[in-house]
Amino acid sequence: MLTALAVMSSGLTAGTADAAANEASGMAFAPTISCPSVADRLDQVPARAQAEVQRNLQLLESQVAEANRRLASSAGQGGPNFVQNAILGPLRDKRAATLQRIQIAFQRAGAQEPTGLQGLAGCTVQDDETGNGNNGDQNNGDQGNENQGDGDQGDGNQNNGDQNNGNQGDGNQGDGNQGDGDQNNGGAAGQISCPDVADRLGQVPARAQAEVQRNLQLLESQVAEANRRLASSAGQGGPNFVQNAILGPLRDKRAATLQRIQIAFQRAGAQAPASLRTLATCELRNGNPGNGNNGNNGGGENNGDGGNGNGGDGENNGNNGNNGNGGGQARGPVPADFVDIRSVQPNVRTPRTQQNGSRGTFSVDCGRNEGRIFNSDNVIVAPGVSNGAQHTHDYVGNESTNNQSTNESLLAASTTCRNGDKSTHYWPVLRALGQEEFDANRRGGGLDLNVGKILTPVAVQITFKGNPTGKVVAAPQFLRIITGNARVGGAEANAGWTCTGFENRQLTDKYPLCPRGSRLVRVFDFQSCWDGQNVDSANHRTHVTFPQADGSCPQGFQPIPALEHRLVYNVPQGPNFAVDTFPEELHKPVTDHSDFINLMNEQQMGRVVDCINSGRRCR
């Protein structure tokens, strides 16, 4: 049976809500982004495709809303091509991926897909009141903000854990109520997935840190409580039970908590990220991985992600279609993501070590993950969340690291490091495309669009180095550091790609194609200036930072041993390899990153510091 979706077209044609509001208040019309209407091009939508189509139409709205917020907040920035390159281009990519998902929904329902949809991906900026485009979208996702202050009151439900639900990045809007249907598909209750907040905060003012941390913990406990409710109510209610009884209230609580984070920034005299309000909405991810229906979850809701630049988002493509089918084919990388390393000019600059600098190095042999220790958790960013990373990690060092790890459990575990160091080191796996792997039908693998044979590095070098301008101090036990950024457009996207024999040149946003006889190299330099107090921070970044151009640490920070991960691989010739990413990030090389938890005891760290400060090379 075919049902018309005409009712939706009214919400997705050129919006006039903001224009009317501005007129009423006497405000001048600001430039807005105008996109072609999609809903009124769909004609009749098969009943089997309606939920998926509706969800993606809402996602189109939220993408435009976020782009309009970026347009407003960046007025006057950049050169003549700023809006095109930083806002309209990424928006076009996001819309193209979302439109493709609509086409796939028609195909699955056995119907003729609409023609010309991809031609609707491009948008324009309008400077007057003649057509405010989709900017009527702008609120979506923020709903519930008014709930402000309170809402979450107490819900202190300790259980923390599920926090960022894995930074999944899925996105505000996502929930789309669609998930509930998935709930009982295979008897599995599923899990609630919420957008990451900590990773979006940037620099948290010192005066706001305690309040921000408290509210981040409250966000964790809210999701933990919602997941407990989800598990205990499996099978109850009608088709909208999960949305109305669990996801809706959770959204309101998160909106209030997010507003309190914004207020904390304001009290400290700082500007909170404008995109925070879009992170209130969560979704249900089906607990039954084989269930084809779970395409409805990942969707690509990364939706607006605050201008994740480059539109990594929508591409999550959730790709629904790939679920339960051996992983299907991942979206990305594309040929433009690769470049011949020989065409890259030398660009690596190292500060000269001064007289008082520390010249030594300390290397740790923790193996190459020959034991194939893998999981798709991220205990630093998403503690307590299964598949919190949505991509598979290689682990060396501590052999027990997963989402349930605690400092105590890590200290009690065994290690692959030959010197007994129980620290944990992990990074996304690298895959040879076109070959099947054990996780083709698992979360973190094929179900999250990470497909191909996992490559074991031919060498893993873990080295601690000194500081060019002074002696290093001991890093504290349990210190957590993340280098690189798993998000396209995220801060500190500094992981390097190069080739043996060409290591005086590094790339961050391209995969290097190495000539025969040369091997691929991934280089992760970690932040080596510590604030002297904290082992972690609300966004997992502000407690450490990189040295300044001359190698010295900024005021308020002190140098600690500078960790470097250097991974060497044999990869297939040509553009036939890719790093694991969040589904929506399209395997872009700029998303590479690495993680470290220091578990060295005082004696072990003392040996590292003494070696470096005395200028020796130690193992």
Side-chain angles (χ1 to χ4, degrees), residues 66 69-70 73-74 141-142 145 148 152 160 162-172 194-223 253-282 302-309 312-313 378-383 385 388-389 480-494 527 530-531 533-546 554 556-557 582 591 593 595:
E66 176 57 32
R69 283 191 289 271
R70 287 206 73 202
S73 65
S74 62
D142 306 356
N145 271 5
Q148 79 233 121
D152 20 328
N160 77 44
D162 312 287
Q163 173 176 359
N164 323 323
N165 260 41
N167 337 306
Q168 260 123 243
D170 41 286
N172 74 351
C194 302
D196 175 53
V197 174
D199 201 37
R200 312 291 177 82
L201 294 181
Q203 186 83 17
V204 179
R207 286 178 52 198
Q209 284 206 0
E211 178 69 8
V212 169
Q213 185 63 52
R214 187 178 71 80
N215 283 290
L216 287 173
Q217 291 171 344
L218 183 54
L219 289 170
E220 295 178 20
S221 66
Q222 291 163 358
V223 181
K253 291 180 181 182
R254 283 175 60 87
T257 308
L258 291 168
Q259 185 171 56
R260 284 201 293 277
I261 290 176
Q262 290 180 305
I263 291 171
F265 271 75
Q266 293 165 3
R267 286 175 177 160
Q271 182 66 40
S275 61
L276 276 192
R277 294 186 305 164
T278 68
L279 307 179
T281 305
C282 304
N302 192 16
N303 88 354
D305 274 35
N308 237 350
D313 122 63
N378 190 333
V379 68
I380 295 179
V381 177
V385 181
R480 286 150 165 78
I481 312 181
I482 303 171
T483 189
N485 197 305
R487 298 288 176 199
V488 171
E492 297 182 351
N494 60 342
Q527 298 89 317
W530 171 52
D531 68 5
Q533 299 180 23
N534 301 294
V535 296
D536 201 0
S537 50
N539 65 355
H540 313 294
R541 295 185 183 274
T542 52
H543 63 299
V544 288
T545 190
F546 287 98
F557 290 82
F582 290 115
T591 64
H593 58 282
D595 301 68

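Hydrogens, waters and symmetry mates are skipped; everything else that's a heavy atom, side chains included, is used.
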At their closest point, which heavy atom of Ala198 faces which heavy atom of Asp196, and how far apart are they?
N-OD1, 3.5 Å
Is the side chain of Arg267 donor-acceptor paired with the backbone N or O of Ala208 at a distance under 3.5 Å, no angle test?
no
Side-chain heavy-atom pair Thr545, Asp531 within 4.5 angstrom cut-off:
no
I need the Leu258 CG to Leu279 CG distance, nearest 0.5 Å.
6.0 Å
Here the gap from Glu492 atom CD to His593 atom NE2, rounded to the nearest 0.5 Å, amounts to 13.5 Å
Whether Asn485 side chain and Ala491 backbone form a donor-acceptor pair below 3.5 Å
yes
Asn215 and its side chain to side chain contact (heavy atoms under 4.5 Å, CB included) partner, picked from Val197, Ile263, Ile261
Ile261
Has the side chain of Thr542 got a donor or acceptor atom that lies under 3.5 Å from a matching backbone atom of Val204?
no
Closest non-hydrogen atom pair, Phe582 against Gly388
CE2-O, 4.2 Å
Which residues pass the side-chain contact (heavy atoms from CB on, under 4.5 Å) test with Ala270, sequence neighbours left out?
Pro205, Phe265
Could you pull out the closest heavy-atom pair between Leu216 and Ala538, with the gap in Å?
CD1-CB, 3.2 Å
Interatomic spacing from CD in Gln527 to OG1 in Thr483 - rounded to 0.5 Å
4.5 Å
So NE2 of His540 and CZ of Arg480: to nearest 0.5 Å the spacing works out to 9.5 Å
So how far is it from Arg541 CZ to Leu201 CG, rounded to the nearest 0.5 Å?
11.5 Å
Looking only at heavy atoms, what is the nearest atom pair of Leu219 and Arg254, with distance?
CD2-CG, 3.8 Å
d(Asn534 CG, Gln209 CD) to nearest 0.5 Å is 6.0 Å
Is there a donor-acceptor pair closer than 3.5 Å between any side-chain N or O of Asn494 and the backbone N or O of Gly484?
yes
